[in-house]
Amino acid sequence: MDFPWLTVIGAVPLAGSAAIAVLPKAAASRAKLVALGVSLVALVLTVVAATQFETSRAGEIQLSQVHSWIGEFGVSYAVGVNGIGLVMIALSAVLVPLCVLAAWNEVDDEKARLFFGLVMVLEAMMIGVFAARDLFLFYVFFEAMLIPVYFLIGTFGGNEQRRRYAAVKFLIYSLAGGLVMLVGVIALYAAGPGGEQGFLIDNLTGLDFSSSAAERLMFVAFFIAFAIKAPMWPVHTWLPDAAAEAPSGVAVLLVGVLDKVGTFGMLTLCLPLFPQASRWAAPVVLALAVTSVLYGALLAIGQTDLKRLIAYTSISHFGFIVLGIFAMTSTGQSGSTLYMVNHGFSTAALFLVAGFLINRRGSADIDEYGGLQRSTPVLAAGFLLAGLSSLALPGMSSFVSEFMVLTGTFIKYPGAAVVATAGMVLAALYILLTYQRMFTGPKKEFASGWKDASAREVWVVAPLIAVIIFMGIYPKPVLDVINPAVSTTMQQVGVTDPSATVTADTVEGENK
Amino acid sequence: MLILFVAAMIAVLVEAFVPRVQRFITQVVLATVGIAASLIFVIYLAVEDTSKLTAGGAVAIDGPALFLQGTILVLGLLAVLTIADEAPESGAFTSQASAVPGSMDEARAARAGLVQTEIYPLILFSMVGMLLFPASNDLLTMFIALEVLSLPLYLLCGLARRRRLLSQEASMKYFLLGAYSSAFFLFGSALLYGFAGSVRLSAISEAITGNSTTAASAVVGKDGLLLLGIGLVAVGLLFKVGAFPFQSWTPDVYQGAPTPVTGFMAACTKVAAFGALLRIAYVAIPGARWDWQPAIWLVAALTMLVGSIIAIVQADVKRMLAYSSIAHAGFILVGLVAMDKDGVGSVLFYLAAYGFTTIGAFALVTLVRTSTPEGGVGGEATHLSQWQGLGKRSPLLAAVFTLFLLAFAGIPLTSGFTGKFAVFSAAVDQAPWGVGLVLVGVAASSIAVFFYIRVIVLMYFNDSVGDAVTVTRPGALTIFAVGVGVVATIGLGILPSAALGLANSSSVFLP
């Protein structure tokens with residue numbers, strides 16, 4: 001029996017949250033230390049697990065474990081990752097310690113136990129959802145992870161009225177989506193082989209559905225849940241509210257990791273489980289994705305609230321990710337997977353820098369800032385770098401992925417790719433305009449007493465910037481892990497790569 | 001069951017002969033020991049696995065009956081504990097049921113420090129009825145059980161210490177409507193007797209399928225009798241479970257009754273009534289299922305929707321929980337429609353899961369009180385606005401209540417989710433148009449989430465209302481009852497295998 005890496009990685013933060021819960025009141029301020037330590041342990045474990053992961057077989061599920069859990073329902077405790085799952089877990093494991101560090105002084109000691117305890121629970125759930133290889137288990141994590149986020153937004157958000165509204169809206173949207181998916185889950189189980197392991201994703205893949213209508217309905221049930229999560233236009237409206245009200249560390253986890261569950265689900269569940277229906281739905285999904293790209297970008301330009309602006313840019317970026325997934329080319333899908341990681345880092349950096357600024361100024365209104373480059377040059381530089389990555393400047397990580405998505409889409413759907421490219425132009429507009437409004441111009445009175453980034457703040461953002469630049473220049477290690485997994489998905493969907501006719505041997509090589 | 005009956009009899013004698021000072025403790029001990037002893041006996045029977053018909057064939061001791069009896073006994077025990085834990089000066093019960101609210105009599109009784117102890121024999125009798133109800137193998141036994149379980153409940157409802165008028169109105173309403181529904185049940189039984197020539201459930205079943213020995217030729221052309229009979233019997237039973245369109249008593253009675261009794265009623269009555277419903281559906285009239293399944297389908301769908309939608313506008317915790325219990329009755333009916341072994345198992349499991357959560361939730365409601373101007377403990381603060389900011393003032397209570405609400409809402413890793421999943425998957429698998437019913441159920445669940453969440457929002461995200469509300473320190477017995485509720489809620493959510501296995505293996509009815 002191999003060492004149960006994934007279970008341990010998930011269990012560590014859970015144990016951490018338990019430890020935080022039993023901290024005596026007097027030692028509440030230790031909570032953040034525990035949280036940081038625990039999340040670092042999880043990170044180290046993730047790194048070690050990644051070394052156990054054989055890149056040459058990245059298309060297969062590795063590090064897996066299967067135990068019967070609720071045999072009566074056919075539910076197993078099954079975890080395992082392929083390349084895609086691995087990078088998503090790595091993304092979570094990297095971001096959580098940074099978010100803990102970012103929230104270091106934001107939470108008063110009185111509530112520190114609750115905050116950091118919930119963050120730890122959230123980390124466990126996130127790792128669980130990316131590792132789950134049993135549909136029921138996936139669903140359980142998918143829903144259970146809402147609860148900590150709900151309390152994090154509702155208890156620690158900004159303005160009291162608005163944070164409550166945002167938290168409830170978030171929960172209602174997500175739960176409604178989740179329940180629709182539940183119907184799909186049950187229906188799929190009924191269509192599957194049943195039995196003790198009837199919910200294992202592997203046992204449900206490649207089913208021969210009795211009618212295409214049934215398959216399509218199930219696909220739609222899953223897709224709605226993931227589209228809400230992702231979030232795609234027109235079911236995105238919870239995100240700006242939730243992200244704007246959440247403390248910036250939580251916003252990072254929300255947009256950087258949680259929303260990825262939506263696109264992760266599309267890529268690793270919708271496509272392999274419902275190949276026919278996915279191909280059937282692709283044109284509509286692409287149209288929605290392109291709409292998301294443009295709509296998110298246009299609304300981002302119009303925002304006056306910094307956090308809402310970042311949230312809308314994410315909607316635009318998620319449009320790209322979905323575009324790449326449903327373009328059904330290996331370049332597009334690899335690009336999307338890479339995009340999920342890159343977007344996680346660049347948005348995290350944006351949100352965190354924004355959070356530092358908002359803490360200083362006490363307002364998220366962009367018009368209240370100006371000329372900050374002169375008072376806080378380091379923060380300004382951080383924001384600019386993160387922003388440039390977000391607008392996909394060549395050399396930054398997002399460029400690689402955005403380029404792959406667009407070329408991958410162009411091979412099959414040139415129209416969609418051309419329209420989506422406009423999103424890149426708009427991205428330049430919203431990032432640079434914001435930078436101009438906040439950081440350029442004469443030095444402002446209010447900022448005279450401001451300190452530039454503290455050591456802690458540098459420690460939070462610097463690793464992200466380093467990753468962004470590294471991935472921009474040398475994305476190969478990550479792509480090596482992703483590509484085989486994507487090829488497997490492509491085979492399961494049963495689409496041949498249009499480029500395969502041109503470069504048959506390279507694709508063959510990839511599949512080996 | 002007999003043990004409990006004896007205990008109840010003794011309890012009456014105790015009420016008559018034991019001096020007042022010792023009465024309370026004697027009653028509590030007697031009730032607890034009686035319930036525990038019957039529980040042990042039920043477990044013994046279940047382990048022995050001796051399914052049989054007894055009492056001249058009038059009572060069936062089979063898997064579902066034993067499972068339900070066990071559930072009722074455990075839940076009843078918890079309920080008795082919460083009832084016993086009432087401090088006399090702030091308890092939920094009136095000191096003298098016969099006193100007119102606000103009268104001199106009442107004031108005098110209160111001054112004299114009288115403590116109500118006839119609650120315990122009443123509860124015991126009610127539980128005897130509940131134990132018999134799902135085990136009864138003919139319609140007459142079932143009717144007797146129905147009356148034995150109901151009559152004490154009508155009385156119990158009227159014993160609330162505060163808001164006496166509301167409580168007595170609830171008692172009256174429950175009694176009148178309950179009497180009507182019993183009459184419907186009896187009338188339906190008579191019609192079924194007319195159809196089959198017997199009140200024995202198996203005989204009715206044989207008459208439907210046409211190989212009856214008692215009335216082989218007589219049944220031809222009596223479909224009207226059969227359908228009307230089924231319909232009327234169903235009215236009686238659906239009334240007891242609080243299903244649409246017979247749910248209108250639920251909120252008033254739940255609100256008016258003393259809260260510990262509400263918990264007892266909500267959990268145990270539901271278990272017993274669903275047990276009887278299951279037995280009728282599976283033993284007596286499976287042959288006519290094509291006639292009644294669509295009707296139950298519709299009832300289930302409407303019950304879920306009505307319960308969830310009306311609950312949204314409730315401003316009282318107890319009324320909200322009442323509507324939530326209506327919605328849950330709908331969910332359980334979904335499992336009933338499935339009409340196979342999985343369906344029974346899922347219903348049994350759901351009942352147990354729901355019962356534990358409900359007892360715990362109502363036990364918590366008893367702890368939140370208004371403060372009197374002198375700083376004493378007043379009546380229960382059940383208005384939702386009084387629950388504002390509870391999360392800050394008593395985090396533990398709010399956290400536990402949140403857990404129960406999440407279980408009611410069916411969030412994964414709680415028992416509510418497992419139960420819902422069980423009934424839904426049974427329905428998708430087996431029921432005609434099961435997917436449609438599950439879709440309605442999902443819609444109702446997402447509506448229901450809204451009002452559970454609203455309470456959580458109130459408790460955590462709102463400012464506290466100040467000193468107007470106090471949270472009393474729970475006694476050890478209440479803590480125990482709530483603790484069992486918490487353990488069951490989480491346990492059945494995370495590791496439900498054992499309970500599911502038990503429910504599934506107890507899901508075969510004796511014909």
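It should be emphasised that the depicted structure is a prediction, and the values quoted were computed from it without experimental measurement. Reckoned from all heavy atoms, side chains included, excluding hydrogens, waters and symmetry mates.
In this structure, chain B has a heavy atom under 4.5 Å from the side chain of A:Ala167, while its backbone stays farther away. The contact between B:Leu406 and chain A is made entirely by side chain atoms (from C-beta outward), counting heavy-atom distances below 4.5 Å. Heavy-atom distances place the side chain of B:Ile411, and not its backbone, under 4.5 Å from chain A. Using a 4.5 Å cut-off between heavy atoms, B:Ala422 contacts chain A through both its backbone and its side chain.
Atom CD1 of A:Ile147 is separated from atom CG of B:Leu413 by 9.5 Å, given to the nearest 0.5 angstrom.
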**Request:** Go through the steps to decide whether B:Phe424 and A:Val185 satisfy the test side-chain contact (heavy atoms from CB on, under 4.5 Å), and finish with yes or no.
**Result:** CA-CA 11 Å; B:Phe424 282 179; A:Val185 170; over 6 Å; no

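B:Ile453 approaches A:Val168 most closely through the heavy-atom pair CG2-CG2, 4.2 Å.
Highest contact tally toward chain B, considering only A:Gly154, A:Ala176, A:Ala144, is held by A:Gly154 [criterion: heavy-atom pairs under 4.5 Å].
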At a 3.5 Å cut-off, give me the donor-acceptor pairs between chain B and chain A, one pair per line with the distance.
{"unit_1": "B:Asn462", "atom_1": "OD1", "unit_2": "A:Arg164", "atom_2": "NE", "d": "3.3"}
{"unit_1": "B:Asn462", "atom_1": "OD1", "unit_2": "A:Arg164", "atom_2": "NH1", "d": "3.1"}
{"unit_1": "B:Asn462", "atom_1": "OD1", "unit_2": "A:Arg164", "atom_2": "NH2", "d": "3.2"}
{"unit_1": "B:Ile494", "atom_1": "O", "unit_2": "A:Trp69", "atom_2": "NE1", "d": "2.7"}
{"unit_1": "B:Ser497", "atom_1": "OG", "unit_2": "A:Trp69", "atom_2": "O", "d": "3.0"}
{"unit_1": "B:Ser497", "atom_1": "OG", "unit_2": "A:Glu72", "atom_2": "OE1", "d": "3.3"}

